[in-house]
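These numbers were taken from a predicted model, which means no experiment stands behind them.
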Amino acid sequence: MHLYGDAKIVYGDMNLDAAYIEINYETNTLTATTLPDSTGKETGTPMFKQGDQNYAAKRIAYNYKTRKGRISEVVTQQGEGYIHSEVVKRNQDNEFYGFHNKYTTCNLEHPHFYISAPRIKAIPNDKVMSGPFNLVIGDIPTPVGFLFGLFPTPKSKRSSGVIIPSYGEENLRGFYLRNGGYYFAWNDYMGTRLTGDIFSLGGYNLSSSTSYFKRYAYRGGFELGYTYFKGEEANVAAATGVRSTDVPLNSQFSRTTRTFGIRWNHTPVTKPGRGAFSASVNAQSQLHNRLNYNGTAQYLAPTLNSSISYQKTIPNSPFSYTIKASHGQSTTTGSMNFVLPDVNFSMSQVSLAELFTDAPATNKWYENFTVSYNLNASNRISNVVPARTGSDFPLLETSPADTIDLNFNNLQNLWESGQKSAVHTFNIGLGNYKILRYLTFTPNVNYSETWLDEKYSFRFNPDSQRVDIDTTGFGRIYQYSAGASLNTTIYGIVNVKGKRVEAIRHLVRPSISYSYRPDFADPRFGFYQRTLVGADTRTNLPNYRQLGRFRTGLPGTGLSSALSFGIDNSIEMKVKSQNDSKQPV
């Protein structure tokens with residue numbers, strides 16, 4: 001069968017367009033060529049497409065049973081490159097072999113530059129391989145080439161490959177090869193970079209960096225680094241920090257050390273009604289930042305901070321919560337502080353009537369009552385144990401400051417030394433009410449409560465003349481206050497018939513308020529203990545003190561009962577605009 005003109009054949013996933021196509025049913029072959037027009041110019045270049053592969057050639061012969069073909073004067077695209085071949089043979093695995101080839105990234109019919117290779121094998125969406133080749137620029141062959149060539153042509157724009165290291169010299173560690181390794185492109189959303197450094201004086205670095213991204217969902221990256229610094233072989237005395245790339249001289253660098261560092265950042269895309277998980281982690285050994293710095297700000301950073309959190313607002317409710325863990329680290333002293341966990345639960349302001357009934361509002365006085373609530377529960381852990389010196393009064397047991405090493409053997413000690421607390425805060429609104437039509441009465445009540453895992457009691461030891469501190473379990477602190485205010489507004493207006501002034505208004509806002517807070521040092525609350533701490537050195541009389549029985553959250557001492565008055569005056573004037581005498585301002 002002979003097809004002329006705009007000939008098209010579709011066979012499964014194969015498409016063939018050409019000016020002329022011959023179908024031979026005995027040999028199961030298709031032959032496509034161009035045809036000359038009235039001027040003798042070749043037209044209707046055969047276009048062959050199968051799957052995601054496209055070929056444009058002067059002549060195509062294809063066996064649709066064996067799926068093999070022979071193509072003459074073909075141009076095909078592989079990845080971001082183009083292959084011009086005199087003859088191409090294609091097999092059933094969609095691989096093709098080219099003879100007399102030009103491989104280039106120039107998309108012109110006659111490329112300005114290309115790699116000339118007698119023979120090429122191309123595996124679609126994978127790689128192009130060649131024998132001996134050389135570079136041709138402007139149709140002029142150059143001596144630049146090699147015995148073989150390997151050119152990755154992945155389907156996606158991201159691809160795995162070798163990372164070439166850079167070289168240089170450093171005072172502390174000698175000559176180096178830095179940032180050499182391999183990049184793994186796992187998919188379109190995630191990739192991993194494995195690199196390392198090696199130094200002539202014996203040290204090395206290893207690092208892994210993974211970045212990930214999902215559109216409309218999240219993005220982030222994770223880094224892990226390890227450094228082996230061999231200080232005894234380095235010429236530490238000669239390291240004067242002359243160049244910006246050198247680590248300044250420090251006695252800490254005169255010994256062999258191993259350091260590590262972890263970085264993680266995760267940023268979500270916030271969506272209504274859904275929770276959001278975020279992370280910003282930066283934890284390192286004390287010297288890791290200095291051995292692997294890339295700027296003065298990083299080298300001199302006194303602290304490292306990390307946080308991981310999950311927060312969510314519950315749909316169609318006044319409730320929301322946040323679960324968080326945080327970390328703070330000093331790069332100079334090595335102290336570390338953790339808040340693990342840190343939980344916050346809150347309820348926005350709601351009417352008390354809405355909490356207990358679904359009935360519609362009836363404008364009753366108690367429907368003005370509102371309440372909001374917030375809970376913050378945390379466990380604070382530090383590897384630094386503060387000193388107990390008894391500077392204010394003599395203690396029976398004293399101890400110096402100490403640092404707990406961070407390792408698996410001390411995890412229990414660190415957890416037991418944590419300071420656990422929960423703070424409850426209630427904001428109560430009692431509404432406002434009209435009295436005698438013109439007066440506004442507003443009462444208020446405040447209440448908060450703190451739970452702690454430790455409560456102290458004090459006892460004076462007459463034998464040692466010192467104070468003994470006993471620690472008990474759960475302790476509760478609460479405090480409250482109440483008050484009310486009464487205010488009104490008095491208006492006075494005087495109309496003035498002048499050229500500019502229209503009227504004068506005088507506003508008077510008098511108010512009176514009262515507040516009350518009890519004396520929480522009263523023994524009935526149990527927050528303070530009046531304790532004998534010894535004898536006064538001047539009078540030799542017993543010396544008593546009010547000592548707080550909790551480490552934090554103690555309310556102030558002393559009764560507060562206050563009545564206050566206030567008056568606010570405001571005078572306003574209404575004048576005409578200079579641009580328009582009819583329009584006052």
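We find that K214 and D188 are not joined by a salt bridge, their nearest charged nitrogen and carboxylate oxygen being 4.0 Å or further apart. Electrostatic pairing of D568 and R509 counts as a salt bridge here, judged by a charged N lying under 4.0 Å from a carboxylate O.
Checking each of T227, T195, N179 against S207 for a side chain to side chain donor-acceptor pair (under 3.5 Å) leaves exactly one that passes, namely T195. The side chain to side chain contact (heavy atoms under 4.5 Å, CB included) with K455 is formed by just one residue from the set D470, I477, T472; it is T472.
Looking at D342 and S378, their side chains never bring a donor and an acceptor atom within 3.5 Å of each other. When only modelled atom types and interatomic distance are considered, W451 and S421 share no side-chain donor-acceptor pair under 3.5 Å. Side-chain contact annotation: S448 with T425, donor-acceptor N/O pair under 3.5 Å absent. Looking at Y528 and R549, their side chains never bring a donor and an acceptor atom within 3.5 Å of each other. Defined by atom type and a distance below 3.5 Å, a donor-acceptor pair is missing between the side-chain atoms of H506 and Y491. For the residue pair S564 / S513, a side-chain donor-acceptor distance below 3.5 Å is found, with atom types taken as modelled.
Heavy-atom minimum distance, T552 versus L452: O-CD1, 3.5 Å. Residues N487 and S511 approach most closely at CB-CB, 3.7 Å, considering heavy atoms. Taking every heavy atom of both residues into account, Y480 and R517 meet most closely at O-CG, 3.6 Å. A pairwise comparison of heavy atoms in I428 and V371 identifies CG1-CG2, 4.4 Å as the closest pair.
Figure legend: R530 and Y544 shown as a cation-pi pair, the cationic atom lying under 6.0 angstrom from the six-membered ring centre and within 45 degrees of its axis.
Between F520 and Y478, the angle of the ring planes goes over 60°, which puts this pair in the perpendicular group of the 30/60° scheme. Ring-plane geometry between H266 and W264 is classed as tilted, the angle between the planes lying from 30 to 60 degrees on a 0 to 90 degree scale.
The closest donor-acceptor contact from the side chain of D468 to the backbone of R459 lies at 3.5 Å or more, if one exists at all. Formation of a donor-acceptor pair under 3.5 Å by the K271 side chain with backbone atoms of Y216 is found in this model.
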